[in-house]
Amino acid sequence: MKIAETTSYLLAEVANKYRAEFEKVMTEIGLHGGQVFVLQLLFINNGQSQVELASKLNISPPTINNMVKSLMNNSFVACEKCALDGRVMRVYISEKSKRLENEIKEKWLKFEEDFFISLTATEKLVLFQLLEKLKVVV
């Protein structure tokens with residue numbers, strides 16, 4: 001069997017296409033694809049530390065630091081030292097991000113709809129269930 005004929009290869013190929021297309025959509029509102037995940041975590045629980053964000057996103061501390069700096073430079077987030085532990089920097093969504101929250105959600109959902117247009121509702125459900133199962137394993 002050739003590597004290009006494996007499930008892993010096909011999954012990576014689809015993931016790369018998904019990421020590239022998703023990046024284009026998020027660029028329309030001034031975000032990089034990965035930054036959206038930071039904002040989503042903050043929309044759920046504002047004021048998380050960079051360590052918490054890095055852990056939840058399974059990325060390295062230097063990577064989250066760079067992402068947060070970029071988000072700060074573009075006024076999507078603000079950082080403040082934690083009142084209880086001055087060594088900890090907490091990340092907060094800005095007013096700009098609050099105003100864009102619905103637009104981000106709409107673009108995300110529209111992108112998902114367009115990307116998976118060739119799948120039936122049942123196939124989408126099965127794919128979701130399979131990905132949920134894989135997420136736990138990895």
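None of these values were measured; they are calculated from a predicted model.
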If you draw a 6.0 Å radius around [atom1] in [X], do more than 12 non-hydrogen atoms from other residues or ligands fall strictly inside?
X: Phe128; atom1: CZ; value: no
X: Asp114; atom1: CG; value: yes
X: Lys124; atom1: NZ; value: yes
X: Lys81; atom1: NZ; value: no

Does the side chain of [Y] come within less than 4.5 Å of [X]'s, by heavy atoms?
X: Tyr92; Y: Val77; answer: no
X: Leu131; Y: Leu127; answer: yes
X: Leu119; Y: Val126; answer: no
X: Thr120; Y: Glu123; answer: yes
X: Met26; Y: Lys107; answer: yes

Output a table of donor-acceptor pairs, distance under 3.5 Å, between side-chain atoms of residues 3-13 and any protein atom two or more places apart or on a different chain; print 'none' if there are none.
unit_1: Glu5; atom_1: OE1; unit_2: Lys2; atom_2: N; d: 3.4
unit_1: Thr6; atom_1: OG1; unit_2: Ile3; atom_2: O; d: 2.8
unit_1: Thr6; atom_1: OG1; unit_2: Tyr9; atom_2: N; d: 3.2

Donor-acceptor check, side chain of [X] to backbone of [Y], threshold 3.5 angstrom: yes or no?
X: Glu52; Y: Ser49; result: yes
X: Glu23; Y: Gly33; result: yes
X: Lys96; Y: Asn74; result: yes
X: Ser97; Y: Phe76; result: yes
X: Thr27; Y: Gly30; result: no
X: Asn65; Y: Pro61; result: no

To the closest 0.5 Å, what do you measure between [atom1] ([X]) and [atom2] ([Y])?
X: Asn66; Y: Ile59; atom1: CG; atom2: CD1; value: 9.5 Å
X: Gln50; Y: Arg90; atom1: CD; atom2: CZ; value: 11.0 Å
X: Ser75; Y: Glu95; atom1: OG; atom2: CD; value: 12.0 Å
X: Glu103; Y: Lys110; atom1: CD; atom2: NZ; value: 14.0 Å
X: Lys56; Y: Gln48; atom1: NZ; atom2: CD; value: 3.5 Å
X: Leu100; Y: Lys105; atom1: CG; atom2: NZ; value: 15.0 Å

If you compare all heavy atoms of [X] against all heavy atoms of [Y], which two are closest, and at what distance to 0.1 Å?
X: Met67; Y: Val38; value: CE-CG2, 3.7 Å
X: Met72; Y: Ala78; value: CG-CA, 4.5 Å
X: Cys79; Y: Met89; value: CB-CE, 3.6 Å
X: Val91; Y: Asn46; value: O-OD1, 3.7 Å

>> If hydrophobic clusters are built by linking Ile, Leu, Val, Met, Phe, Trp and Tyr wherever their side-chain heavy atoms come under 4.5 Å apart, do Leu41 and Phe43 end up in the same one?
In response: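 Shared cluster, yes.
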> Do Leu71 and Val51 belong together in a cluster built from hydrophobic side chains that touch within less than 4.5 Å?
Replying inline: no
> How are the rings of Phe37 and Phe22 set relative to one another: parallel (under 30°), tilted (30 to 60°) or perpendicular (over 60°)?
Replying inline: tilted
>> I want to know whether Phe116 and Phe111 have ring centres closer than 6.0 Å.
In response: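 So the answer is no for these two rings.
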> Salt bridge or not for Glu21 and Lys24, using N-O below 4.0 Å?
Replying inline: yes
